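What you are looking at is a predicted structure, and each value in this text was computed from that prediction instead of being measured.
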Amino acid sequence: MAQERKFASQPLVSHIYTADPSAHVWDDKLYIYPSHDIETDIPMDDTGAHFAMRDYHVLSMDSAGGEVTDNGVALSVDDVPWAGRQMWAPDAARKDDKYYLYFPAKDKRDIFRIGVAVSDSPTGPFEPMEEPIPGSYSIDPTVFEDNGEHYLYFGGIWGGQLQRWQTGEYVAEDSYPADDEPALAPMVAKLSDDMLSFAEQPKEVLLQYEDGSPIPAGDNDKRFFEAAWLHKYGDTYYFSYSTGDTHNIAYASGDSPYGPFTYRGVILEPVLGWTNHHSIAELDGQWYLFYHDTQLSGGQTHLRNVKMMPLAHNDDGSIQTLSAFAD
């Protein structure tokens with residue numbers, strides 16, 4: 001039974017289902033921006049229709065292992081004029097005295113776009129813009145700040161629709177490269193000064209082997225599926241992501257926030273549940289991995305719970321592989 005498994009860590013909250021945790025430390029306090037999973041009778045399929053989330057809560061903690069505060073609903077799909085359904089994995093950023101929540105949702109035509117909402121507080125409530133970010137598409141936005149610049153990464157295949165944008169326009173049919181061709185790439189664009197739009201045309205993020213050749217679509221253990229995250233340790237940029245149907249959190253490293261990034265290994269092995277989605281942040285001198293599994297629901301893939309565990313970088317720049325299980 002799933003409930004009998006020994007887990008390496010326990011859910012941060014249990015009164016609601018949460019997933020896809022994006023963690024940030026601001027003013028020595030930890031803020032986690034997760035998805036909010038809900039019960040649904042929608043059948044499971046490869047488009048992810050059963051992930052029917054409708055709002056976001058912000059969790060906060062003063063210290064690792066301390067009390068977790070649920071700060072209530074920060075943004076609802078009912079607040080977003082352009083959004084129709086499925087508010088999937090978000091992220092947040094801070095600039096000056098404002099906080100920005102970036103989120104994917106399907107518009108009224110069922111096309112995923114990326115929206116942004118603004119608040120004076122890291123816990124919201126957030127006020128959404130009237131329209132999605134111009135030129136945005138797909139899912140899983142994540143923001144990385146480097147030397148005062150902010151970069152937005154996004155993209156996800158299958159239900160994330162990245163494969164439908166390969167012509168530059170939305171095509172309502174899936175199109176994937178052959179197994180020996182380069183895998184579909186996540187995207188990155190520098191954000192404008194006001195944090196509300198792209199300052200440049202989004203670029204592909206190249207994920208490659210050590211010999212410089214691109215990871216092909218057929219290498220399911222290493223190719224990008226969804227859930228991009230970027231962190232910097234020393235002078236090295238680490239791009240981590242989910243491999244989707246092989247359920248790893250993998251990582252690659254590079255010398256620029258634009259990449260290219262060279263594959264290095266696995267950060268988190270498969271968890272209980274189909275999806276694997278994470279973030280990485282440093283709190284009080286210790287790095288942590290934030291992730292989710294389905295411990296609370298006994299393995300129901302669309303009813304997840306967020307967790308955290310310590311993460312370590314090795315002297316050679318590699319990251320130690322973690323398991324969600326203690327046994």
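Sorted by first and then second residue, the ring-ring contact (aromatic ring centres under 6.0 Å, His included) pairs with a member in residues 306-327 read Phe7-Phe325, His231-His313, Tyr233-His313, Tyr238-His313, Trp287-His313; sequence neighbours excluded. Here salt bridge (charged side-chain N to carboxylate O under 4.0 Å, His left out) pairs that include residues 13-32, with residues two or more places apart or in two chains, are Asp20-Arg304, Asp27-Arg94, Lys29-Asp62. Applying the side-chain hydrogen bond (donor to acceptor under 3.5 Å, both in side chains) rule to pairs touching residues 249-260 yields Glu200-Tyr258, Ser253-Arg264, sequence neighbours excluded.
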- [ ] Assess whether side chain to side chain contact (heavy atoms under 4.5 Å, CB included) is satisfied between Tyr17 and Thr294, documenting all intermediate values.
- [x] CA-CA 9 Å; Tyr17 290 112; Thr294 56; over 6 Å; no

- [ ] Show the numbers, then the answer: is there a side chain to side chain contact (heavy atoms under 4.5 Å, CB included) between Tyr100 and Val143?
- [x] CA-CA 10 Å; Tyr100 301 85; Val143 182; over 6 Å; no

Task: Working for side chain to side chain contact (heavy atoms under 4.5 Å, CB included), residues Lys222 and Thr243 - done: CA-CA 6 Å; Lys222 298 182 178 66; Thr243 61; 5.7 Å; no

- [ ] Start with the C-alpha gap between Asn71 and Ser60, add the side-chain angles, then the distance that decides, and say whether side-chain hydrogen bond (donor to acceptor under 3.5 Å, both in side chains) holds.
- [x] CA-CA 7 Å; Asn71 295 278; Ser60 58; 3.0 Å; yes

Below 3.5 Å, can you tabulate the donor-acceptor pairs from side chains in residues 175-182 to any protein atom, sequence neighbours excluded?
{"from": "Tyr176", "atom 1": "OH", "to": "Trp158", "atom 2": "N", "distance (Å)": "3.3"}
{"from": "Tyr176", "atom 1": "OH", "to": "Gln163", "atom 2": "NE2", "distance (Å)": "3.3"}
{"from": "Glu181", "atom 1": "OE1", "to": "Ala178", "atom 2": "N", "distance (Å)": "3.0"}

Determine all donor-acceptor pairs shorter than 3.5 Å in which one atom belongs to a side chain in residues 109-118; sequence neighbours excluded.
{"from": "Asp110", "atom 1": "OD1", "to": "Arg85", "atom 2": "NE", "distance (Å)": "2.9"}
{"from": "Asp110", "atom 1": "OD2", "to": "Arg85", "atom 2": "NH2", "distance (Å)": "2.8"}
{"from": "Arg113", "atom 1": "NH1", "to": "Ser136", "atom 2": "O", "distance (Å)": "3.2"}

Distance-only donor-acceptor hits, side chain of residues 188-196, under 3.5 Å, sequence neighbours excluded:
{"from": "Ser192", "atom 1": "OG", "to": "Asp194", "atom 2": "OD1", "distance (Å)": "2.6"}
{"from": "Ser192", "atom 1": "OG", "to": "Ser197", "atom 2": "N", "distance (Å)": "3.2"}
{"from": "Ser192", "atom 1": "OG", "to": "Ser197", "atom 2": "O", "distance (Å)": "3.1"}
{"from": "Ser192", "atom 1": "OG", "to": "Ser197", "atom 2": "OG", "distance (Å)": "3.0"}
{"from": "Asp194", "atom 1": "OD1", "to": "Leu196", "atom 2": "N", "distance (Å)": "3.0"}

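At distances below 3.5 Å, not a single donor-acceptor pair connects side-chain atoms of Asp96 with backbone N or O atoms of Lys98. The backbone N or O of Ser213 lies less than 3.5 Å from a partner atom in the side chain of Asp211, making a donor-acceptor pair. Looking only at distances, no side-chain donor or acceptor of Ser242 sits under 3.5 Å from a matching main-chain atom of His277. When atom types are taken as modelled, the side chain of Glu130 and the backbone of Pro81 share no donor-acceptor pair closer than 3.5 angstrom. The main-chain N or O of Ala227 is found under 3.5 Å from a side-chain atom of Asp140 such that the two form a donor-acceptor pair. Put simply, the side chain of Gln166 gets close to the backbone of Leu162: a donor and an acceptor are under 3.5 Å apart. In this structure a side-chain-to-backbone donor-acceptor pair under 3.5 Å is present from Ser22 to Pro90. Side-chain N or O atoms of Gln286 include none that pairs as donor or acceptor with a backbone N or O of Ala64 at under 3.5 Å. In this structure a side-chain-to-backbone donor-acceptor pair under 3.5 Å is missing from Asp293 to Leu272. Put simply, the side chain of Asp219 never gets that close to the backbone of Pro216: no donor and acceptor are under 3.5 Å apart.
Under the 4.5 Å side-chain heavy-atom criterion for Ile, Leu, Val, Met, Phe, Trp and Tyr, Met87 and Val73 are members of distinct hydrophobic clusters. Both Tyr263 and Leu230 sit in one connected hydrophobic cluster of ILVMFWY residues. Membership requires side-chain heavy atoms under 4.5 Å apart, directly or through other members. Val68 and Tyr33 fall into different hydrophobic clusters, where Ile, Leu, Val, Met, Phe, Trp and Tyr residues are linked whenever their side-chain heavy atoms come under 4.5 Å apart, directly or through other members. A continuous path of hydrophobic side-chain contacts links Phe144 to Ile133 [ILVMFWY only; heavy atoms under 4.5 Å]. Residues Val77 and Met129 fall into different hydrophobic clusters, defined by Ile, Leu, Val, Met, Phe, Trp and Tyr side chains chained together at heavy-atom separations under 4.5 Å.
How far CZ of Arg54 is from CG of Asp79: 10.5 Å, rounded to the nearest 0.5 Å. Interatomic distance, CG of Leu268 versus NZ of Lys307, reported as 10.5 Å (0.5 Å rounding). Residue Ile280 holds its CD1 atom at 15.5 Å from NZ of Lys232, rounded to the nearest 0.5 Å.
Between the side chains of Asn248 and Thr246, not a single donor N or O lies within less than 3.5 Å of an accepting N or O. A donor and an acceptor atom, one from each side chain of Gln161 and Ser138, are nowhere located under 3.5 Å apart. Using a 3.5 Å distance cut-off with no hydrogens or angles, the side chains of Ser121 and Ser119 do not pair a donor with an acceptor.
In this structure, Asp70 has no salt bridge (charged side-chain N to carboxylate O under 4.0 Å, His left out) partners at least two apart in sequence or on a different chain. Among residues two or more places apart in sequence or in another chain, the side chain to side chain donor-acceptor pair (under 3.5 Å) test is passed with Tyr151 by none. Under the side chain to side chain donor-acceptor pair (under 3.5 Å) criterion, Thr142 pairs with Asp91, not counting sequence neighbours. Under the rule for a side chain to side chain donor-acceptor pair (under 3.5 Å), the partners of Ser9 that lie at least two apart in sequence or sit in another chain are Tyr291. With sequence neighbours left out, Tyr31 forms a ring pair (Phe, Tyr, Trp, His ring centres under 6.0 Å) with no residue at all. For His150, there are no side chain to side chain donor-acceptor pair (under 3.5 Å) partners two or more places apart in sequence or in a different chain.
The shortest distance between side-chain heavy atoms of Pro186 and Tyr153 does not fall below 4.5 Å. Residues Asp245 and Trp274 have side chains in contact (heavy-atom distance under 4.5 Å, counting atoms from C-beta outward). Under the 4.5 Å side-chain criterion, counting only non-hydrogen atoms from C-beta, Tyr56 is not in contact with Phe126. The side-chain heavy atoms of Ile249 and Trp229, taken from C-beta on, include no pair separated by under 4.5 Å. Side-chain contact between Val58 and Leu101 is absent, with no heavy-atom pair separated by less than 4.5 Å. Taking the side chain as every heavy atom from C-beta outward, Tyr209 and Ile215 approach each other to under 4.5 Å. Contact check for Asp107 versus Pro132: no side-chain heavy atoms found under the 4.5 Å cut-off. Here the side chains of Leu322 and Glu269 are not in contact, with every heavy-atom distance at 4.5 Å or above.
Screening Thr275, Asn305, Thr18 for a side chain to side chain donor-acceptor pair (under 3.5 Å) involving His292 leaves a single residue, Thr275.
Ring centroid separation for the pair Tyr170 and Trp165 comes in under the 6.0 Å cut-off.
Taking the six-membered ring where tryptophan is involved, the planes of His302 and His50 are perpendicular, since the angle between them exceeds 60° and thus also 30°. Aromatic ring pairs are classed by plane angle as parallel below 30°, tilted from 30° to 60° and perpendicular above 60°; the pair Trp26 and His24 is parallel.
Within a 6.0 Å radius of CG in Asp235, no more than 12 heavy atoms belonging to other residues, nucleotides or ligands are found.
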